[in-house]
Each structure stands twice: as structure tokens, then as C-alpha cells.
Amino acid sequence: MTKITPQPGIMEIDLYVGGAAHVEGVSDVVKLSSNENPYGPSPSASAAARRASYELHRYPSTDHAELRAAIGEIHDVDPENVICGVGSDEVLQFIAQSYAGPGDEVIYTEHGFSMYPILAHACGATPVKVAEKDRVVDVDAILAACTDKTRIVFIANPANPTGTMIDLDACTRLAEGLPAEALLVLDGAYAEFEADYDGGVSLVERRENVIMTRTFSKIYGLGGLRIGWGYAPRAIIDVLNRVRQPFNLSTVQLATAEAALRDTDFMEKCRTDNERLRCWLATALKDLGVESDPSHTNFILARFANQNEADACDAYLKTQGLIVRKVAGYGLPNCLRITIGDESSCRRVAHAIGQFKRGET
């Protein structure tokens, strides 16, 4: 029997399961399970990736200066307070690795992103799950759950998989009420889908205990490249950079992300089209008796009568070449998370769910 054992917490991790992409025996499949941008990346981002491919023999920069400068320019933040990572997931990993460990507690919410407890276990900390209220983050419940062992509170805002969000006042009250040694992490993977929302920038600039993370995987259509960033007070960024690998982002990633960021017209069109089709699909499903909370993301969380109905609908959608996401693992067994695709995809989903509800399967 081997005496080689992993660090505490590692074997407590439930492996992350991504959205399905294929249905055996079915052609013309539409993947609506991973909240991807149906329009892909901007043409200027694709062009930048092609140009950068000619420099694959060169090491990338270690400080990501050009991308951080672009982030500073577009989002009106100080580039020196920005850190870049392999998706926002890596930035979240830096945070957990730097600020939590054995004996510490990491708070996340009932339907929160499944990576949060994984990150807690990975650094040997104890994940603490806090109830939500009608699928919305409950600030009072989080504050009540805090102890002298609390080191990190992870909040996705807007949230995945619920699509709901809390306002800046609620975020501020949460940040102000945390224990002195606790850090509030505002995961803003879907922030760009909510017009006039800064993702937490203003709160970061007023507080010493808040960090905001963002990604290029969603509205920018770069999920296949894995690029993200975080914004925090300088002292926190200094800590995170000490655990970041020097060449964690490639030349292609850096160049493509900068081009995507600067193509603001394309991003705004994606946001506008998403909002229009999201409202249309939510209304169409409501007319069929399938409710959803107002979503601030590029998906809706469709609620069915019970788990059996949700499972049956999911199975029928697969026969029609439509892959959505079951979310029983997030404590929502009666729900299906449906990515907002292009207009054709949304109409196919509404039509198929209509057939299912009418018993025309």
C-alpha cells in the first residue's frame, strides 16, 4: 500500500462536469449547455489570433502589460491593479491559494458556481455553503455564516446558474459586514451582459477587501482560448502575482484578448442581441407554463413542475438536437439552464418545449 498521499482536501473534490456537446445518433446539434457566444469572437479578434500565430516560437510577455493597459483604457481602471489569468478560474485559484488554507473557511452560496467548493478543498480550506433566498444571494445569511475562520466569500454576480444578481448597495453592505480578515470576491463572468453594471469596479476602488474577476470566455466568445482578469487593491494584486506563473498566458491569448476588448461595437451588438432574444425566449416559455427568474446573463434558468418533468424535457430536447444543461448538481433538480443562442436556436428551443408541453413528442 503506497504511503504517498495527496494534501488534505484534494480527495474531497467532486470533479467538475462541463456541458455536453454531442448527442449520439443525432445530427444538426445545437449546443446550448455552456453559455457560449453563438456569434463567436469578433472578426478583429480572429485576425489578431492569426497574426499572433506567426510568433509561436517567441515567449510571451511576463507582465501582460499591453493587455492590462487595454483593460485599463476600456474599463477605466488602473492597469497596475489588474492581474491576468488562464480564464477567470485561474485568478480565482490564485485567490484561494493565497488567502485560504487548512483551518480556514470559504463561503459560497447554495446555487453558486461549482468551482468555489473545489477551490476551497484544493487549498485545504473548508467550504461553507449558505442558503439563497428564491435563487438570489442572501447577504444577511452570508453575514450570519461568517466566523473568525472566514477568509473568502465567493459571489457570482450575475450568478450562474440562476441568472439573478444583487445590486451595488447589497454588495457594499456585504463587503462592509465581513470579518476584518475576510476577502469578498465578486465573480463577474457575466457582468458585460448587464448594461451599466461595472462588475464591482467602484466597490473595489472604495474598499481594501474586495476583488472583482472577469472573463473573455462569455460575451467576447473566447472560451476556447481561456483568458480572464482580476481587479483589486494593489496590495492584493502584489500577493496574487507572487503565485502566478510568469508565462501563464500565451502570445496568441494576449493578442486576441486585446483585439476582442477593443472591438466595442461587436461586443455591444452581442449584448443587445442577447438581451432581445433572452427576453423573447423567457416570454415564449412563460406562455408555455415554464417560468424563469429575470436573467442578467446569456442564459435563462427554466423551472419545471418537478425533476421528472425537467428530465423528460431534457431527454426530448436531445432527440431534437438541442443540448441544454441539467442543474440538479447545483441544487436545482426541477430546472434546465438554457443558453441564449442565435434567433434560429431560440426559436427551435421554444418550438421543441412547446411540443413537449403539449404532449406532441
Linked, directly or transitively: L240 and Y231 (ILVMFWY side chains, under 4.5 Å): no

Electrostatic pair K31:E36 at N-O distance under 4.0 angstrom: yes

Basic-acidic side-chain contact under 4.0 Å: R325, D314: no

Short N-O contact, R151 and D104, less than 4.0 angstrom: yes

Mutual orientation of the aromatic rings belonging to Y116 and F113 [parallel < 30°, tilted 30-60°, perpendicular > 60°]: perpendicular

Sidechain-backbone polar pair: Q253 side chain, I227 backbone, donor-acceptor under 3.5 Å: no

Shared hydrophobic cluster for I211 and V77 (ILVMFWY, side-chain gaps under 4.5 Å): no

Criterion salt bridge (Lys or Arg N to Asp or Glu O under 4.0 Å) against D293, the qualifying member of R278, K286, R135: R135

K357 and E309 ion-paired at < 4.0 Å: yes

Donor-acceptor side-chain pairing of N160 and H111 below 3.5 angstrom: no

Distance under 6.0 Å and angle within 45° of ring axis: R337 vs F299: yes

Single-linkage hydrophobic cluster, 4.5 Å side-chain cutoff, L336 and I353 together: yes

For S44, the option from D265, D263, T256 that meets side-chain hydrogen bond (donor to acceptor under 3.5 Å, both in side chains): D263

Option among T297, N157, N35 that satisfies the side-chain hydrogen bond (donor to acceptor under 3.5 Å, both in side chains) test with Y190: N35

Cluster link I155 to Y330, ILVMFWY, side chain under 4.5 Å: no

Side-chain heavy-atom pair R244, I83 within 4.5 angstrom cut-off: yes

Option from R214, K218, R271 for which side-chain hydrogen bond (donor to acceptor under 3.5 Å, both in side chains) with E192 holds: R214

Charged N-O contact under 4.0 Å between D140 and K133: no

Common cluster, L178/L183, ILVMFWY with side-chain heavy-atom separation under 4.5 Å: no

Y39 six-ring face occupied by K269 cation (under 6.0 Å, within 45°): yes

Parallel, tilted or perpendicular, as decided by the 30° and 60° cut-offs, for the rings of H75 and W229: tilted

